[in-house]
Amino acid sequence: MAEISNFIKTVMANDLESKKVNTIITRFPPEPNAYLHIGHARALVTNFELAKSFNGKTNLRFDDTNPSKEDASFVDAIINDIKWLGYEPNQVLYGSDYFEETYELAIKLIKKGLAYVCDLSQQEISEYRGTLNTPGKHSPYRNRSVDENLKLFTEMREGKFNEGEKVLRAKIDMSSPNINMRDPVFYRIMKIHHHRQGDKWCIFPMYDFAHPIQDAIEGITHSLCSLEYDNHRPLYDWVVRECEMKNVPQQIEFGRLNINNTIMSKRYLRQLVEGNIVKGYDDPRMPTLAGLRRRGFTASSIREFILATGLSRVNSTVDSDMLEHFLREDLKLSTNRIMAVTDPIKLVITNYEEGKIEYLDAVNNNENEELGNRKIAFSRDLYIERDDFVLEKPNKHYKRLALGLEVRLYHAYFIKANEVKYDESGNITEVLCTYDPQTLSGTGFNERKPNGTIGFVEANTAKKALFNKFSPLLDSDDAEVHFLDRINKDSWEECHGFVENGEYNPYERFQFIRDGYYVVDQDSKKDNLVFNRIVSLKSSIKK
RNA sequence: AGGCCCAUAGCCAAGCGGUAAGGCAACGGACUUUGACUCCGUCAUUUCGGUUGUUCGAAUCAACCUGGGCCUGCCA
């Protein structure tokens with residue numbers, strides 16, 4: 001098991017030391033407006049693993065302070081993904097459940113003279129705020145009396161004003177070089193139904209006010225977030241201090257995780273789903289946890305990937321090879337390896353008895369005897385992968401079949417290619433071979449070395465299968481305009497092939513000997529894109 | 001440009017004043033019932049973005065420079 005990044009551990013350890021505390025509580029605060037994707041997994045795994053390593057706990061808290069963007073439909077999916085990843089939240093909480101306390105704290109700030117109701121329009125607030133280079137100026141409403149603010153704020157809550165008419169603002173410093181400190185808005189009016197609170201509220205706290213309060217109320221010791229909240233930390237601390245919260249959480253920022261050639265933006269993922277380019281957030285092409293799960297990724301491989309990849313105060317873009325590496329690592333001992341041919345070419349063993357089918361012993365996994373053996377069919381008529389055959393051996397590294405060469409058929413015999421048949425257009429339709437019965441796998445035959453080992457499937461018994469060659473969703477650098485177009489065209493190639501007719505359980509993972517292909521199960525009742533297998537061995541083809 | 005943050009190999013990432021961990025990728029080779037796996041080897045010394053400085057000693061400290069990121073929502 002990999003360990004959590006030193007960067008965060010060190011920060012944490014120092015902090016614990018100075019506070020004389022010996023346990024921590026973290027929280028994972030998704031906004032319920034999308035599915036979790038592999039990028040979120042960094043925060044997710046980090047929060048949970050960190051708590052675990054300090055003997056602490058992690059709360060799941062839905063950050064639902066803006067009802068215009070959120071709805072309940074993502075809540076279950078998020079909980080499900082977290083559990084699938086192997087984590088059990090200490091509590092499942094909702095930011096909106098603290099609205100009453102949050103409101104009381106706003107009153108407290110007003111009484112302390114640190115918050116005021118402002119009548120400026122949105123645009124005016126923006127103008128008064130100043131720019132990066134020039135200080136802002138005070139709102140004309142900044143010096144309202146405590147009593148007047150109290151009255152107005154109460155009326156805001158009672159719904160006496162329209163959206164946009166008034167907001168509650170903190171009174172901090174309009175000339176601060178940190179624009180977040182220039183009297184930030186803490187409450188706005190939104191006459192919208194909230195998925196959890198119903199119509200109880202028409203004023204909603206902003207993230208900057210609500211989040212630190214929620215953390216403090218829950219006793220969160222360390223509030224991890226991404227780099228862009230760095231500028232908000234002074235405000236976070238201000239809120240905790242001025243609200244006189246007993247618990248003082250520490251905000252720690254770290255970089256986001258990206259994976260190359262993978263599109264991670266919520267906006268684009270939403271477009272894919274809503275535009276019906278993919279079949280939902282759990283489509284195997286999606287980088288969501290649900291999509292990766294259907295693509296065959298294991299929870300443990302994702303956890304290990306996140307831990308191994310580390311984190312720091314830099315947004316990182318990790319090679320997708322790394323993700324696949326950890327999947328292979330996880331599957332290599334635990335899965336059966338069955339054979340399949342994605343782009344078939346007929347292979348006939350001319351010296352094998354016509355009409356006979358024999359069943360050979362095949363090891364399910366060379367590295368894990370416990371997985372046992374299975375029987376695979378073998379006969380005169382086989383299919384092999386089209387690019388496992390070439391007329392002439394091109395170089396010394398070529399370890400597949402060519403005319404005149406002998407290779408091993410995996411789990412079976414040595415065969416030698418003697419002749420090729422063509423169709424009218426000159427395409428190869430059939431390779432004629434002879435086999436050597438002495439060379440059966442497992443018999444210890446070692447008088448000759450074959451020019452490699454290739455996979456095959458017995459033609460009469462094989463199951464037809466539809467494969468998709470998966471290419472990851474395109475790079476986020478690509479121009480927006482071409483975005484959907486490209487995904488549609490290039491990310492999904494189908495091909496018809498065969499899988500050996502084994503007794504494997506269709507819902508069990510196995511490794512398949514070609515990299516980058518996924519089996520499509522057409523028989524599924526649900527839809528015809530059920531990916532129940534992961535294809536994870538490293539590329540067996542080198543050009 | 002005002003403020004803050006960041007910079008170690010193709011990609012991640014340790015290191016926190018004592019002479020550059022590890023992983024992925026790549027490349028040699030051995031082995032092999034997949035070219036996988038495993039094993040062995042290679043892969044930052046005009047070296048840590050650059051330049052100056054402090055120091056017996058600097059990736060680590062300081063200053064400046066360069067490059068990148070974030071911030072002017074009643075989003076989170």
Side-chain angles (χ1 to χ4, degrees), chain A residues 2 5-7 10 29-31 33 63 65-66 68-70 118 120-122 125-127 129-136 163-169 176-182 184-190 203-204 206-208 210-211 225-234 253 255 257 259-260 305 308-326 328-329 332-333 337 339 360-363 365-367 388 397-400 408-412 439-445 449-450 452-455 511 513-515 536-542:
Chain A
S5 157
N6 280 358
F7 155 72
T10 308
E31 191 181 11
N33 65 359
D63 196 352
T65 55
N66 185 348
S68 71
K69 292 175 61 184
E70 298 138 7
C118 182
L120 254 25
S121 71
Q122 191 163 170
I125 288 182
S126 170
E127 286 162 10
R129 186 153 30 224
T131 70
L132 298 178
N133 301 306
T134 57
E163 288 189 14
E165 219 171 289
K166 285 183 167 43
V167 290
L168 183 74
R169 292 228 259 165
S176 171
N178 182 343
I179 293 179
N180 294 308
M181 301 301 271
R182 320 240 264 227
V185 171
F186 274 1
Y187 265 94
R188 76 287 214 186
I189 299 170
M190 281 197 271
I203 55 172
F204 293 91
M206 301 285 289
Y207 169 90
D208 278 325
H211 205 87
C225 62
S226 50
L227 244 27
E228 68 262 31
Y229 292 102
D230 191 32
N231 289 327
H232 295 246
R233 181 151 29 105
E253 310 85 18
L257 169 68
I259 296 182
N260 60 7
F305 165 74
T309 220
L311 77 173
S312 64
R313 285 182 67 85
V314 184
N315 290 320
S316 43
T317 303
V318 178
D319 283 342
S320 50
D321 289 334
M322 184 96 88
L323 216 203
E324 284 171 13
H325 166 80
F326 284 97
R328 267 182 237 122
E329 198 65 17
K332 77 184 173 204
L333 287 177
R337 297 172 188 176
M339 291 194 285
L360 305 173
D361 263 326
V363 192
N365 181 323
N366 304 347
E367 288 140 67
D388 277 349
H397 298 294
Y398 180 84
K399 299 183 72 173
R400 288 169 274 160
R408 175 184 290 288
L409 289 175
Y410 195 34
H411 301 302
T439 57
L440 180 62
S441 288
T443 58
F445 176 86
K449 295 230 168 191
T453 303
I454 64 173
Q511 287 183 309
I513 57 174
R514 296 295 294 277
D515 196 37
S536 85
L537 284 180
K538 216 168 171 175
S539 172
S540 57
I541 304 299
K542 279 188 183 175

Whole-Å C1' distance, B:A44 and B:C4: 31 Å
Residue met sooner reading RNA chain B from 5', once A:Asp321 and A:Phe445 are mapped to nucleotides: A:Asp321
Pair A:Glu31 + A:Lys69: basic N to acidic O under 4.0 Å: yes
B:G73 versus B:A63 - spacing of their C1' atoms, nearest Å: 38 Å
Phosphate OP1/OP2 of B:C6: any A:Asn315 side-chain N/O under 4.0 Å: no
Chi-angle category of B:G22 [syn within 90° of 0, anti beyond]: anti
Any strand: nucleotide that pairs with B:U38 via Watson-Crick or wobble, under 3.5 Å: B:A30
Contact under 4.0 Å: A:Ser312 side-chain N or O vs B:A13 OP1/OP2: yes
Pairing nucleotide - B:A7, Watson-Crick or G-U, each distance under 3.5 Å: B:U66
Contact under 4.0 Å: A:Ser126 side-chain N or O vs B:G73 OP1/OP2: yes
B:C71 phosphate, OP1 or OP2, under 4.0 Å from A:Arg182 side-chain N/O: no
Donor-acceptor side-chain pairing of A:Ser68 and A:Asn66 below 3.5 angstrom: yes
Sugar-phosphate only, base, or nothing, as touched by A:Val318 at under 4.0 Å among non-hydrogen atoms: sugar-phosphate
